[in-house]
2 protein chains.
Amino acid sequence: MVEPTDMEDSETVSLHQRILSDIREKILSGTWAPGHRIPFEHELTAEYKCSRMTVNKALSQLAKAGLIERRRRSGSFVRRPQSQAAVLELHDIRIEVEALGLPYRYERLERLQRRSNAGDRALLGLSTAGSVLRLEGLHFAGERPFAFEQRLINLSAVAEAGDEAFLEIAAGPWLIGRVPWSEAEHRIRAMAADETIADALDIDPGAPCLVVERRTWSAEHPVTHVRFIYPAESHTLVARFTPSQG
Amino acid sequence: MVEPTDMEDSETVSLHQRILSDIREKILSGTWAPGHRIPFEHELTAEYKCSRMTVNKALSQLAKAGLIERRRRSGSFVRRPQSQAAVLELHDIRIEVEALGLPYRYERLERLQRRSNAGDRALLGLSTAGSVLRLEGLHFAGERPFAFEQRLINLSAVAEAGDEAFLEIAAGPWLIGRVPWSEAEHRIRAMAADETIADALDIDPGAPCLVVERRTWSAEHPVTHVRFIYPAESHTLVARFTPSQG
DNA sequence: ATGACGATTATGTATATACATATTGAAACG
DNA sequence: CGTTTCAATATGTATATACATAATCGTCAT
């Protein structure tokens, strides 16, 4: 991982970008501490010899990113770091496994189409009955089970799923590409493996597992609920917090 | 929680905002599916009866948010949903406990100032030796232990921490407000409680725990490494993914 | 056919300008 | 002395304009 060294004459960046990263740098380095008033737009206009619009765009962006706060008549101020929020990347399991240099394989354990029961509706957040598809499967990294997946698909939202076997392809990648932009909620917790899980993952009952549950909506409609269960040793989630690039 | 009902005549939003949310809505609802070419700037200019700059600002923002992709000469296209990223809110533990309606209390178990050893340097990501402060403490929710905290503070970066006892205030809230904007990396995993942890949290050895580790840098300098250990039942992390508001 | 080239087109960036709006500080007033 | 009023000021939003840049398409010569 070699970063491109700052070329002295790399003048390919726009002025807007330069103003933005200059100020960002001053804030992150602590040169301008929280509460500090950063120069007025007209001062930056003079400093960078550009129009106010250009400066304004940069500052608005920093404000949207939460690094500064802008107050009419008073100026712009460095905000104090607030509630730590981190961005959690949740890749497809295939990607994760292949990143480990291991061959990936998916194997379906169970497939069941049924009218939704109360439990299904609770998991999906559905208020009315309808058909659901219940899937269980295993993701392998090489010969070892990597994650156990329990999924519920709302067939009212994705009818075509009813025609798929999901024998060797997991529903996750299948759903992406078929369902438009969606919202999701994740819940992450630790859990002791019960009989079913221990059996599937080939670990001892009671062994600690990491559980990631995801509920997905598209255009306000519940699409799927999925639970990934990882043996504790096999998986660590990584989240980064970098004061937004704007 | 009552949301303000959409007032018919709420014309307080800027045109820029209206264009932005109009298009966003069309994408999220699936009206404009991934791959669809959205109207050219000059078409939107006509539709909204505004200048190209205004339209351009809105589209640029959607592009930055990752919802659309812009190609010169070709137009702007709805992107297909990519790697699921979710925003994980990591609140102060006091906040979490109080949200449960329980009284919060912190209790220090150990405080140790020493010259960094190899293990310390590995955890903090330090290359040179120096003083570190090692802390262990318990966060209580009511009478029950809620989380066990193991922390390492780089005293070269935050010298004042050496003068603090951290008897009844955790180092986390103390550090915020003293350290400017920072970067952080989180690792989340499941773990079986060892003797020390089981003892501190008053749970059985081997019981599953959720572990959140955070490394923090400020202006490239390692500041602190902290490990929060939660009994599996007491804690669930929640992360949301909403296609960026731009 | 094939490849080179130039015109066309949509976006990218920047400017100068205008007026709206919120807030502050000072002057005017009771 | 406290309150009201008003002008000054920094930001917020929008316009019209200009030129740069990248990609595409059609034309033309080979």
Side-chain angles (χ1 to χ4, degrees), chain A residues 7 9-24 26-27 32 34-80 244-246, chain B residues 7 9-24 26-27 32 34-80 244-246:
Chain A
M7 300 187 224
D9 57 338
S10 107
E11 276 298 351
T12 46
V13 288
S14 65
L15 188 46
H16 165 256
Q17 280 301 324
R18 222 186 86 216
I19 299 175
L20 212 145
S21 58
D22 272 15
I23 297 179
R24 217 178 94 86
K26 288 222 179 63
I27 294 174
W32 290 345
H36 180 269
R37 208 209 74 228
I38 77 174
F40 295 130
E41 290 188 352
H42 70 264
E43 295 175 297
L44 293 169
T45 286
E47 184 177 341
Y48 288 96
K49 295 181 199 324
C50 65
S51 74
R52 185 164 83 88
M53 273 301 297
T54 304
V55 170
N56 182 282
K57 253 181 100 174
L59 293 188
S60 302
Q61 221 167 303
L62 285 169
K64 200 147 37 71
L67 278 180
I68 66 172
E69 188 189 332
R70 314 202 70 193
R71 286 204 290 273
R72 280 175 169 165
R73 172 65 215 250
S74 310
S76 305
F77 301 83
V78 178
R79 299 226 319 200
R80 65 192 61 255
S244 165
Q245 306 283 345
Chain B
M7 300 188 225
D9 57 339
S10 107
E11 275 299 348
T12 46
V13 287
S14 64
L15 189 47
H16 166 258
Q17 280 302 321
R18 223 187 87 217
I19 299 174
L20 212 144
S21 57
D22 272 14
I23 297 179
R24 216 178 94 87
K26 288 221 180 64
I27 294 174
W32 290 346
H36 180 268
R37 208 208 76 228
I38 76 173
F40 295 130
E41 290 188 351
H42 70 264
E43 295 176 298
L44 292 169
T45 285
E47 183 176 341
Y48 288 97
K49 294 180 200 324
C50 66
S51 74
R52 187 166 80 88
M53 272 302 297
T54 304
V55 170
N56 181 282
K57 252 179 101 173
L59 293 189
S60 302
Q61 221 167 303
L62 284 170
K64 202 149 34 72
L67 279 181
I68 67 172
E69 188 189 334
R70 314 203 68 196
R71 285 204 292 274
R72 281 176 169 162
R73 172 65 215 251
S74 310
S76 305
F77 301 82
V78 177
R79 298 222 327 196
R80 64 192 61 255
S244 166
Q245 306 283 347

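Residue numbers begin at 1 in each chain, while the letters A, B, ... track the order of the sequences.
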Side-chain N or O of A/S76 closer than 4.0 Å to phosphate OP1/OP2 of D/dT11: yes
Between C/dA10 (P) and B/L59 (CG): distance, integer Å: 14 Å
Residue A/R72, side-chain heavy atoms: nucleotide from C/dA14, C/dA22, D/dT21 that is nearest: C/dA22
Length of the NZ-C1' vector between B/K57 and D/dG12, whole Å: 8 Å
Atom pair distance, as rounded to whole Å: CZ in B/R70 and C1' in C/dG12: 9 Å
Student check: side-chain heavy atoms of B/R70 and B/S60 closer than 4.5 Å: yes
Check: protein-nucleotides 15-19 of chain C nitrogen or oxygen pairs below 3.5 Å:
unit_1 : atom_1 : unit_2 : atom_2 : d
C/dT15 : OP1    : A/S51  : N      : 3.3
C/dT15 : OP2    : A/S51  : N      : 2.9
C/dT15 : OP2    : A/S51  : OG     : 2.8
C/dT15 : OP2    : A/T54  : OG1    : 2.5

Residue A/R37 excluded, over 12 heavy atoms near CZ under 6.0 Å: yes
Derivation of the side chain to side chain contact (heavy atoms under 4.5 Å, CB included) call for B/Q61 and B/R24: CA-CA 11 Å; B/Q61 221 167 303; B/R24 216 178 94 87; over 6 Å; no
Nearest-angstrom distance from the residue atom CZ of A/F40 to P of D/dA8: 17 Å
First of A/R71 and B/G75 reached from the 5' end of DNA chain C, by closest nucleotide: B/G75
Rounded interatomic separation in angstrom, taking CG from B/L20 and C1' from D/dG12: 16 Å
Whole-Å distance separating the CG atom of B/N56 from the P atom of D/dA14: 13 Å
Among D/dT13, C/dA14, D/dT24, the one nearest B/S74 by side-chain distance: D/dT24
Protein-nucleotide distance (A/R37, atom CZ; C/dT24, atom P), rounded to Å: 14 Å
Quiz item: B/R73 side-chain donor-acceptor pair to D/dT21 base, under 3.5 Å: no
Among A/V55, A/L67, A/L59, the one residue meeting side chain to side chain contact (heavy atoms under 4.5 Å, CB included) with A/I23: A/L59
Whole-Å gap separating P (D/dA10) and CD (A/E69): 17 Å
Side-chain heavy-atom pair B/L15, B/K57 within 4.5 angstrom cut-off: no
For the student: nearest non-hydrogen atoms of B/W32 and B/I38, plus distance: CE3-CG2, 3.7 Å
Any donor-acceptor N/O pair, A/E43 side chain to A/F40 backbone, under 3.5 Å: yes
